[in-house]
Amino acid sequence: HSMAKVGQPAPDFTLTDCTGKKGTLSGLKDKVVVLQWVNKECPWSVKAIPDFKDVQKKYAGKGIVWLGVDSTFGRTAEEDANYIKDKELSHAILMDADGKVGHAYGAKTTPHVFVVNKGTLVYMGALHNNQQEDKKPDEVRNYLDEALGAVLAGKEVPLAETTAWGCRVKYQDGGKHG
């Protein structure tokens with residue numbers, strides 16, 4: 001079972017979002033897609049929301065598709081639907097309770113971020129380098145922002161892979177407390 005690799009076709013998947021809508025990644029093959037692994041009970045995942053929203057605002061109207069993916073074992077669609085309302089998220093959360101898609105991508109943490117450019121994986125890793133929020137503004141690198149800027153300019157992503165931070169994805173095979 002080969003893992004997702006930068007520069008390679010992103011693993012295709014079909015998932016149902018928390019409103020019951022079904023979608024495939026291959027159905028978005030002419031688009032730039034941002035996948036973000038989420039878990040509403042992970043403080044890092046929750047804390048990342050404003051930074052994600054900033055990037056979303058910056059690239060609004062550029063045709064980018066934003067999707068959350070929840071590989072948390074036992075999470076219900078209803079819980080995520082409420083979470084979207086609660087946090088005023090503007091994107092769907094795809095339900096991956098059996099962890100198949102998470103494992104295909106090697107998603108390790110919430111938030112773990114992947115950028116797919118017309119079917120090819122071009123970035124995987126952290127949202128930014130400021131997990132502890134202790135960096136000076138000129139030391140902060142928003143990797144997602146950099147990746148999207150490069151993709152839209154038709155350039156190589158400057159840093160295509162970084163180490164994701166956050167809580168471990170709570171996969172079924174990792175047990176509830178894995």
Closest contact, heavy atoms only, Val6 versus Val122: CG1-O, 3.9 Å

Check Asp138 with Lys136, please: is the shortest side-chain N to carboxylate O separation under 4.0 Å? no

Find the distance between CG (Leu159) and CG (Asn129) and round it off to the nearest 0.5 Å. 9.5 Å

Stepwise side chain to side chain contact (heavy atoms under 4.5 Å, CB included) test for Val101 and Trp37: CA-CA 10 Å; Val101 177; Trp37 260 256; 4.0 Å; yes

Hey, are the side chains of Leu67 and Leu28 touching, using non-hydrogen atoms and a 4.5 Å cut-off? yes

For Ala126 and Val113, work out which heavy atoms get closest and say how close. C-CG2, 4.3 Å

May I ask whether Val34 and Phe114 are part of the same hydrophobic cluster, defined by side-chain heavy atoms of I, L, V, M, F, W, Y residues being less than 4.5 angstrom apart, directly or through others? no

Going by an N to O cut-off under 4.0 Å, is there a salt bridge joining Glu41 and Lys170? no

Counting C-beta onward and ignoring hydrogens, is there a side-chain heavy-atom pair between Asp70 and Leu94 closer than 4.5 Å? no

Can you tell me how far CD1 of Ile64 sits from NZ of Lys58, rounded to the nearest 0.5 angstrom? 10.5 Å

Honestly curious: do Val157 and Leu127 fall in one hydrophobic cluster under the side-chain, below-4.5 Å linking rule? yes

Which heavy atom of Ala150 sits nearest to which heavy atom of Glu156, and what is that distance? CB-O, 3.4 Å

Donor-acceptor check, side chain of Gln8 to backbone of Lys5, threshold 3.5 angstrom: yes or no? no

Between Lys135 and Glu133 (side chain of the first, backbone of the second, donor and acceptor by atom type, cut-off under 3.5 Å), is there such a pair? no

Does the side chain of Asn39 come within less than 4.5 Å of Tyr83's, by heavy atoms? no

Check whether any side-chain N or O of Lys53 sits under 3.5 Å from a backbone N or O of Glu88 as a donor-acceptor pair, and report yes or no. yes

Check whether any side-chain heavy atom of Val32 lies under 4.5 Å from a side-chain heavy atom of Val65, and answer yes or no. no

Ignoring hydrogens and geometry, is there a side-chain-to-backbone donor-acceptor pair from Tyr105 to Leu35 under 3.5 Å? no

Measure from the side-chain N and O atoms of Trp165 to the backbone N and O of His128, and report whether any donor-acceptor pair falls under 3.5 Å. yes

Is it the case that one hydrophobic cluster holds both Val69 and Val116, taking links as side-chain heavy atoms less than 4.5 Å apart, direct or via other members? yes

Calculate, to the nearest 0.5 Å, the distance between atoms CD1 and CG belonging to Ile49 and Leu89 respectively. 5.0 Å

What is the distance from atom OG of Ser90 to atom NZ of Lys57, rounded to the nearest 0.5 Å? 9.5 Å

Can you name the nearest heavy-atom pair linking Gly106 to Met3, along with the distance? CA-CE, 3.5 Å

Does the side chain to side chain contact (heavy atoms under 4.5 Å, CB included) test come out yes or no for Lys62 and Leu152, once each step is laid out? CA-CA 8 Å; Lys62 300 266 195 267; Leu152 293 175; 3.9 Å; yes

Lys100 and Phe13: CA distance, side-chain angles, deciding distance, side chain to side chain contact (heavy atoms under 4.5 Å, CB included) verdict: CA-CA 9 Å; Lys100 271 200 190 78; Phe13 58 78; over 6 Å; no

Close side-chain approach of Leu121 and Val115, heavy atoms under 4.5 Å: no

Ser45 side chain vs Pro111 backbone, donor-acceptor pair below 3.5 Å: no

Should Cys18 and Ile84 count as side-chain neighbours, where that means a heavy-atom distance under 4.5 Å? yes

Do Asn130 and Arg141 have side-chain atoms, one donor and one acceptor, less than 3.5 Å apart? no

How about Met95 and Asp80: do any of their side-chain heavy atoms sit closer than 4.5 Å? yes

Kindly indicate whether the side chain of Tyr171, heavy atoms from C-beta on, has any atom under 4.5 Å from the side chain of His103. yes

Assess the side chains of Thr162 and Tyr123: does a donor N or O sit below 3.5 Å from an acceptor N or O? yes

Which residue pairs satisfy the salt bridge (Lys or Arg N to Asp or Glu O under 4.0 Å) criterion with at least one member in residues 16-40, sequence neighbours excluded? none

Quick one: do Leu25 and Ile93 end up in the same hydrophobic cluster if we chain Ile, Leu, Val, Met, Phe, Trp and Tyr together by side-chain heavy atoms under 4.5 Å apart? no

For Glu78, does the CD atom sit with more than 12 other heavy atoms under 6.0 Å from it, leaving out its own atoms? no

Compute the centroid of each ring, for Phe52 and then for Trp66, and state whether the two points are separated by less than 6.0 Å. no

Distance, nearest 0.5 Å, that separates NZ of Lys87 from CG of Asn82: 12.5 Å

Return the set of residues passing side-chain hydrogen bond (donor to acceptor under 3.5 Å, both in side chains) with Asp96 (not counting sequence neighbours), or none when no residue passes. Ser71

For Ser26, what residues pass the side chain to side chain contact (heavy atoms under 4.5 Å, CB included) criterion, not counting sequence neighbours? Asp12, Thr24

Spatial distance of atom OG1 (Thr72) from atom CD (Gln172) [nearest 0.5 Å]: 12.0 Å

Report yes or no: do Asp145 and Tyr59 form a side-chain donor-acceptor pair below 3.5 Å? yes

